[in-house]
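Note sheet for the following structure.
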Amino acid sequence: MKRACLNNTNGYENLNRFFLRISLRGSSDLVKLKYLQMKRGLNLFLFLKISLVVLFLNITLDNFSQVTLTASLNTNTVGMQQQFFATYTLKGGKSQSFEMPDFTNFRLVGQRSQSGGGMTVIVNGQVVSGGDDEQSWTFTLMPTKPGKFNIPAARARVGGSWYSSNSLEVNVINTGQAPATQQAPSQQPTQRNQQQQSPVNEGLSKDDVFLRATASKNSAYVGEPIVISYKIFTRVAIPNYVINKIPSFEGFWSEELLDNVNRPKVEEEIINGQKYTTAIVRRIVVFPKKSGELVVEPLEIEAIARLVRQTQRRSPFDNMDDIFKNFFNDPFFSNPGSFFGSSYEDIKTTVKSNPISIRVRELPMSNRPNEFGGQVGNYNFEAWIDKDRVLVNDVVNLSVKISGDGNLSLLDAPTINFPSSFEVFDPQVEDNIRKTAAGLSGSKTFNFMIIPRKSGKFEIPSVTFSYFNPSTGSYNTLKSDVFKIEVFGADASSQFANIKTSDDIRFILVKPSKFKKINSFFMGSFFYWSVFMFFIVAFAVCLFLMRKHLQLKSNVKELKYRRANKIAKKRMKKAQILLKNNKLDEFYEEVSRSIWEYLSDRFSIQKAELSIDNVVKLLSEKNFDQELLLKLKTTLDFCEYIRFAPGASSSSPNEILEDSNFVISMLEQSFFNNNKRV
Amino acid sequence: MKNIIKNFKLSICFLLVFVGLSNVYSSNNLNQKFEQANQKYKDGQFYDAIELYNEIIESKFVNFETYFNLANSYYKLNQIPESIYYYEKAFQISPRNKDLQHNLKLANSALTYTEQKIPDAFHVKIINAIMRFFAPDTWAFISLVFLIITLCLVFLFLFSGDLKFKKIFFVSSFVFLFFTFSSVFIGQRYVYQIKNPTHGIIMISNGAVKSSPDISGSDIYVVYAGMKVRVLSKIGDWYEIQVAEGNKGWVETSSLRLI
């Protein structure tokens, strides 16, 4: 397409149109054009200018004899962190293309081209004519390391041949003193700041270009779609931009929505009384995967801002047309002469969007249907079968179509409880998902191929689909009809009819045992060991007490044993006194008691066990003399007898007393003899 | 003497009751929640049931039935790894419950991979088998009963007059002393195992096991959701695990739940 471009004049739109017409029609229309212009009443100055341009169209430029390309620096010695300019000036011709030198060891901060006040018409992207024979390119550079560096030659093409410039030498010295700027190269500050401080680039401020991220909602449920839009706002022309860093969307499932990323729709917006050109560079739908406060990292783009020199009395508002023309279209530095007669500067600038934080809520557990598979959105649901009367081994198709807005990509096939004699294959899935500015929508169809293997009437229970509707905050369950299928014909061989004997889990336990604290056990607890120790201590105490008791008991026995004879003798004396006082009853009693007590103490016989027979038996076991025992027996017998039948005695009380004394002393004697023998 | 024994008995009773009360938290609230959850389960509202059972567990007071029913609910929703996790939890409390064994087996068979038992050394296997016979606290009471029997036998041995009985008491007191120590050991081991989990259930599907505890480590093999693995050590956010085949590797802590 032929195109005429005028830059030196100040915003005369119709002129642009005229030139277009002129270039198309050529010189033959000159008269007509003049006529037209006259008719429109344009002033003479303009008329002359136009004629001049029209004239250029027909002139072939053959005056290239003295083309020179010279390179110069504003300073040969620069400090670190100090900007300097390399200027390439072309004299004696117009360059169709310029090849910039290799600026390794330097960082290219900005660049601008300038042509000397003349006019250029470009046809088919070619420079056809030039006004003044001077053109210059200026590069703003920053050293990256100290030392002596060589900047190789730049080349410019003029009229089919290449012209090289001289090479340049720069001495970079390592001084921290940077009078012009303060930035450290390692920090990579935004271009913007640099431009503000730079002596030449006074243009780009923070408000000129910025990126704004907006989310369709700031609080959402898990799985709820959120559309995030990245919008660029600019007051300068952006010929090109590159997305530097796309957010990773951690915690989200994301899908890009805009497929016309390269040609964004341009709009105008007024913010704080300033007119901005805006365009959405990215639009992404995200689905939160987990609950909590999730943050979407900022998007970072590197844009090239084209600043038009302010020498041309243009306010940013007047630039609007250029912005539109050049917005995202002009590749970087492809046609430096397009603004002929003007100068512009391309500045690389990095703009970052704001991070967005989204509060993600967990889906409610209450009333959650069992079929719920994590779908959040708004859906419709259909299910159908293609036939309900089939032959055995014939194919029935059951289709389930789920349509609506939401994350359909993650939608799984619904589970259907088919009769066990149906063979069912994994469903075929048909996706029809549209990406719109509002998010994802569309439909997903699951085709189940069913082969009945047995005849009869069957029912496929209704297919259910549950989703969570975030706008109402509740779960919805959609149900299909029950499908009745009648199957005819002979049953297939048993190998197909794999009757599923589904074993189900046992029912829940309804009677709760006691609730115990988690991980707190009696075993090994302090109480356990206390009880354990308590038993042991109690046992020890028991042992001690038992021992003591036994000891005491044996002491009493010993005492009694030792004193048995003495007591007996004492009692005998008492009996003698009783006899003297003629108290016969008491006398007999005393005698028999002294014998019994002696026996009990001496031989450790319990009083309850004391009887004549027992004593005789016990003593005869201990090898006591039988005669002695007989004597003992008769004495005891007599005592008993005389107590109950007084006066009927054959022997005198004195005899009894003697006998008793004799028996006790004899027992004592034989007891010691026995003990000695043992 | 009789008084002493009487006091002794009384104080034991008192102690046992006291110990029992300190461990048992009988709350109407929990019972009520349990009833509600059961009702939700019966109504087929498994998500609601799960929420209620989880509330009980969050109160830090649990019982076997809560774990069991919660696992059942997960099973009904086909969330097998969670279900296995809670069956295993219930298994720790009451390993010999027949319903539990049946359901756990079914849950394991519902997994996509075939379950393999993690092999144990022979003596470990036997000790574990004996250990699982009773719950830890049952072991505690058993050990106390054994202790009492042992002490009684020692007492009898010391104070019995007859030599023949003395011999019997002597031998049997040693036997019961052994029983006491064994039951204490087993119970302690059981509690230790529960408090220091040695196994875990993989909760993520197709988790790659790394060769080193680092995200950049190479993937050695894959573990599946619901898989029971042995946990060997922990470094940072990584567990060293060992699967049934004996392979070792590292997984992130988030992909595993200790039982």
Heavy-atom cut-off 4.5 Å, strictly under: side chain, backbone, both or neither for A/F526 against chain B? neither
Run A/Y528 and B/L144 through side chain to side chain contact (heavy atoms under 4.5 Å, CB included) and show every step you take. CA-CA 9 Å; A/Y528 172 77; B/L144 289 179; 3.9 Å; yes
Heavy-atom neighbours of B/K195 NZ exceed 12 at 6.0 Å: yes
What part of B/I57 gets closer than 4.5 Å to chain A, counting heavy atoms only: side chain, backbone, both or neither? both
Contacting moiety of B/Y41, where chain A heavy atoms sit under 4.5 Å: side chain
Checking heavy atoms, do the side chain of B/Y192, its backbone, both or neither come under 4.5 Å from chain A? neither
Checking side-chain polar atoms at under 3.5 Å, does B/E51 have a donor or acceptor matched by the opposite partner on A/S366? no
Flag the pair A/F532 / B/V184 as yes when at least one side-chain heavy-atom distance between them is below 4.5 Å, and no otherwise. yes
Can you tell which part of B/F146 gets under 4.5 Å to a heavy atom of chain A, answering side chain, backbone, both or neither? neither
Checking B/N63 side chain against A/P512 main chain: does a donor-acceptor pair fall under 3.5 Å? no
Do other residues, nucleotides or ligands put more than 12 heavy atoms under 6.0 Å from A/E250 CD? no
Quick one: which of A/I518, A/N370, A/N519 has the most heavy-atom pairs under 4.5 Å with chain B, could you say? A/N370
Tell me if the aromatic rings of B/F141 and A/F522 count as close, with their centers under 6.0 Å from one another. yes
Tell me, side chain or backbone of B/Y75 under 4.5 Å from chain A's heavy atoms, or both, or neither? side chain
Please state whether the side chain, the backbone, both or neither of A/P369 comes within less than 4.5 Å of a heavy atom of chain B. backbone
So, the side chain of B/D99 versus the backbone of A/R506: is there a donor-acceptor pair under 3.5 Å, distance only? no
Taking the side chain as everything from C-beta on, heavy atoms only, tell me whether A/I508 gets closer than 4.5 Å to B/Y53. yes
Might you work through the side chain to side chain contact (heavy atoms under 4.5 Å, CB included) test for B/L158 and A/M546, ending with a clear yes or no? CA-CA 10 Å; B/L158 288 176; A/M546 189 72 185; over 6 Å; no
Counting distance only, does the side-chain N/O of B/N69 pair as donor-acceptor with the main-chain N or O of A/L509 below 3.5 Å? yes
Minimum side-chain heavy-atom gap B/Y47-A/N367 below 4.5 Å: no
Pick one of side chain, backbone, both or neither for B/L151, based on which atoms fall under 4.5 Å of a heavy atom in chain A. both
Heavy-atom count check: over 12 atoms from other residues, nucleotides or ligands less than 6.0 Å from B/K105 NZ? no
Which atom of B/F61 lies closest to which atom of A/F515, heavy atoms considered: O-CD2, 3.6 Å
Whether over 12 other heavy atoms sit under 6.0 Å from B/F174 CZ: no
Please indicate whether B/Q39 has more than 12 foreign heavy atoms, meaning atoms of other residues, nucleotides or ligands, lying under 6.0 Å from its CD. yes
For B/Q92, which atoms come within 4.5 Å of any heavy atom of chain A: side chain, backbone, both, or neither? neither
Please check if the number of heavy atoms outside B/F178 that lie under 6.0 Å from its CZ is greater than 12. no
Taking atom CZ as the centre, does B/F159 end up with more than 12 heavy-atom neighbours from other residues, nucleotides or ligands that are less than 6.0 angstrom away? yes
Residue part contacting chain A, namely of B/T66, when any heavy atom lies under 4.5 Å: side chain
Under 4.5 Å from a heavy atom of chain A, the part of B/T138 involved: neither
Using a cut-off of under 4.5 Å on heavy-atom pairs, state which of B/H102, B/Q45, B/E35 scores highest against chain A. B/H102
